[in-house]
Amino acid sequence: MSLRLYNSRTRALEDFAPLEGNRVRIYMCGLTPSADPHLGHARSMLFFDVLRRYLEFLGYAVTYVQNVTDIDDKIIRRAADEGVGWYDVVEKYYGSFVASLEKLGVRRPDVEPRATEHIPKIVEIIRGLERMGIAYESDDGVYYSVRAWPAYGQLSGRHIDELLESVRIDASEHKRDPLDFALWKKQKPGEPAWDSPWGRGRPGWHIECSAMSWEYLGEPFDIHGGGLDLIFPHHENEVAQTEPLLAGKPMANFWVHTGLLFFNGSKMSKSLGNFVPLDEELRRHDPRAVRALFLQIDYRKQANFTADSIAAATKGLQRLDETLADLARRGDVRQIEEADALEALRSPARAIEPMARAFREALDGDMNTAGALAALFAWLTAARSLEGEQAAQAARALYGALWVLGIAPAGDRLAEPRAEAVLDVARTAALRSLCERLCGHANGGSVREWVEAILDVRRQARRERNWGRSDELRDALAGVGIVVKDSKEGSTWTIAG
RNA sequence: GGCGACAUAGCCAAGUGGUAAGGCAGAGCUCUGCAAAAGCUCCAUCGUCGGUUCGACUCCGACUGUCGCCUCCA
């Protein structure tokens, strides 16, 4: 068994192996924070987060770099519009992005380098290209000469002459060829600028990724990732900037591109404006469900985001949670350590083996997360009959699988996965007064204590077989968002989703 | 115009040259004071037309449809 990944560079499914020992070096194109990030951005990051986790599960030491392109035309324009500094724009939108990713359970990259902090490396690469006759200086900047690099267009499958026929290329008297692109832009009045051999200015889009991937990972490295819409021109240009300096080696061994997200029938895009900001979307939906939904779609396919599909994902996730809690209860497991969970999945006990194998086979096949998730669901029926130590091992293995997918519930809340969820302010106040009214006091001060106090009153009513009173209390709790469920073992409660 | 992707049940969605995962919804049943939840069971022949093959949903071709990229884009 080994991981196979689709490589955009060769347009084929290939066996993955690190270039160097046990170490896997990944560079992911992050964000240009000039506007609110949206769910499409999250989808890409989510996928690479799972890839990173799976590689770790397989035993590799992963170095994950994700850049921040913190200077570009749109950031400058936005800053002017809002009357703030360009760095304020970056902090605002990047900060929002980071906060949203945290909610989604996406782990922070090992390095989050910024373009403006890597001017020396950028200059070094441009100088190298200049020496090779691939870059040239003009009156408003330094440009890359696409005709000077025969392999230009290979990654994205374009041909220079065909590109020239495009209606959108813009000729400029500053460039030798309409397809040439800027490596360095000379300062215009009022623009932020850094020193360089060509005078003050700023890097063009693309060069920052060539510089920062090289700086932190070395060349060549293992995997370069990003959204499918970056393959041209961004990644093509990165390759064109980097590979002339590598004496025939590729910049990255694997190029992995994620499919685009659609909303109302067209691509989610900052420029089209057809998106809901990510932070708003995460206030509306459970972030774990959002994540579970994306896991059920092939990462390379374009996908639609709809209210129906998120609802379906939420339901499925609840079943997974309940089974996990159930296994933990029957196996008497109070807490699961990540390392134990991964080990239980790596070396599965006999009863877990079919699930573990199907799970790995799915992910080995070009990260088929939908298949991996299906393997878990298909196993749930069998899992329910496990008892004792078997149940304990199953709980750990299931938790490990959920960890790899990034949808594991907090490890110390197995018995009541949602009980600690936050109740909104109005309902908390209503619950408190309900508690005062029913119990004559509101001792404690937590949602949990108030609910338990009310449930004690209800338990008494139930012992007296006072069903009317019992139902009344259940309805009252439902009114403030607490859902009570009765079973043979007693009553449990959760906060309504 | 050039390049490319996709088309599987009500919805979402995997997958394989040998006869279709999974989730949601729906139906029936079990449990239950009731309710909810949960559990069990059931529920498709894979856009159209040709071809290759012992056999195709899976390969090839044509067609139809949807979408993306062609220098703002995860």
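This one's a predicted model, so the numbers in the text were calculated from it and none came from an experiment. Within every chain, numbering begins at 1; the chains are lettered A, B, ... in the order of the sequence lines, protein sequences first and strands thereafter.
The CD1 atom of A:Ile231 sits 17 Å away from the P atom of B:rG68 (whole-angstrom rounding). Distance CG (A:Leu295) to P (B:rC24): 15 Å, rounded to an integer number of Å. Rounded to whole angstrom, the span from the CD1 atom of A:Ile160 across to the C1' atom of B:rG2 amounts to 15 Å. A straight line from CG of A:Asp161 to P of B:rC70 spans 19 Å, rounded to a whole angstrom. The interatomic distance linking A:Asp72 (CG) with B:rU71 (C1') rounds to 13 Å, in whole Å. Put simply, CG on A:Leu163 is 13 Å from C1' on B:rG1, counting in whole angstrom units. One interatomic measurement links the two molecules: CH2 of A:Trp467 to P of B:rU32, which rounds to 12 Å at whole-angstrom precision. Rounding to whole angstrom units, CG of residue A:Leu164 and C1' of B:rC3 are separated by 15 Å.
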Dump the intermediate steps for side-chain contact (heavy atoms from CB on, under 4.5 Å) on A:Leu363 and A:Leu3, then the final yes or no.
-> CA-CA 7 Å; A:Leu363 292 179; A:Leu3 174 61; 5.9 Å; no
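Toward the 5′ end of RNA chain B lies the nearest nucleotide of A:Ala374, the other residue of the pair A:Ala374 and A:Leu31 mapping further downstream.
When the C1' atom is used for both B:rU52 and B:rG61, the distance is 11 Å, rounded to whole Å. With both ends at atom C1', the span from B:rG10 to B:rA5 equals 26 Å, rounded to whole Å.
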Could you go through nucleotides 34-38 of chain B and list every protein N or O atom that sits under 3.5 Å from one of its N or O atoms, giving the distance for each pair?
unit_1: B:rC34; atom_1: O2; unit_2: A:Arg474; atom_2: NH2; d: 2.7
unit_1: B:rC34; atom_1: N3; unit_2: A:Arg474; atom_2: NH1; d: 2.9
unit_1: B:rC34; atom_1: N3; unit_2: A:Arg474; atom_2: NH2; d: 3.4
unit_1: B:rC34; atom_1: N4; unit_2: A:Asp486; atom_2: OD2; d: 3.2
unit_1: B:rA35; atom_1: N6; unit_2: A:Asp486; atom_2: O; d: 3.0
unit_1: B:rA35; atom_1: N1; unit_2: A:Asp486; atom_2: N; d: 3.3
unit_1: B:rA35; atom_1: N3; unit_2: A:Arg474; atom_2: NH1; d: 2.9
unit_1: B:rA36; atom_1: N1; unit_2: A:Asp486; atom_2: O; d: 3.2

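Note on ring orientation: taking the six-membered ring where Trp is involved, the planes of A:His224 and A:His235 are perpendicular (angle over 60°, cut-offs 30° and 60°). In this structure, A:His41 and A:Phe97 have perpendicular ring planes: the angle between them is above 60°, well past the 30° mark. Between A:His118 and A:Tyr216, the ring planes lie perpendicular to each other; the angle is over 60°, past the 30° to 60° tilted range. In this pair, A:Phe181 and A:Tyr144 present their aromatic rings parallel. The plane angle is below 30°, not in the 30 to 60° band.
At a threshold of 4.0 angstrom between heavy atoms, the contacts of A:Arg158 include nucleobase atoms, whether or not backbone atoms are also involved. Within 4.0 Å of A:Leu228, counting heavy atoms only, lies no atom of the nucleic acid at all. Using a 4.0 Å heavy-atom distance criterion, A:Ser156 is classed as making no nucleic acid contact.
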Each base of RNA chain B marked ( ) or [ ] if paired in-strand (Watson-Crick or G-U under 3.5 Å), | if paired to another strand and . if unpaired gives (((((((..(((.....[...))).(((((.......)))))....(((((..]....))))))))))))....
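For A:Glu281, the salt bridge (Lys or Arg N to Asp or Glu O under 4.0 Å) criterion is met by A:Arg284, not counting sequence neighbours. In this structure A:Arg291 satisfies the salt bridge (Lys or Arg N to Asp or Glu O under 4.0 Å) test together with A:Asp49, sequence neighbours excluded.
The stretch residues 301-329 of chain A participates, sequence neighbours left out, in these ring pair (Phe, Tyr, Trp, His ring centres under 6.0 Å) pairs: A:His285-A:Phe305.
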If a protein heavy atom is under 4.0 Å from the base, mark B; if only from the sugar-phosphate, S; if neither, -; do that for nucleotides 6-16 of chain B going 5' to 3'.
-> SS-----SSS-
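Counting only heavy atoms from C-beta on, A:Phe377 has its side chain closest to B:rG23 among B:rC67, B:rA74, B:rG23. Minimum atom distance to the side chain of A:Thr258 is reached by B:rA74, of the listed B:rC69, B:rA74, B:rC72.
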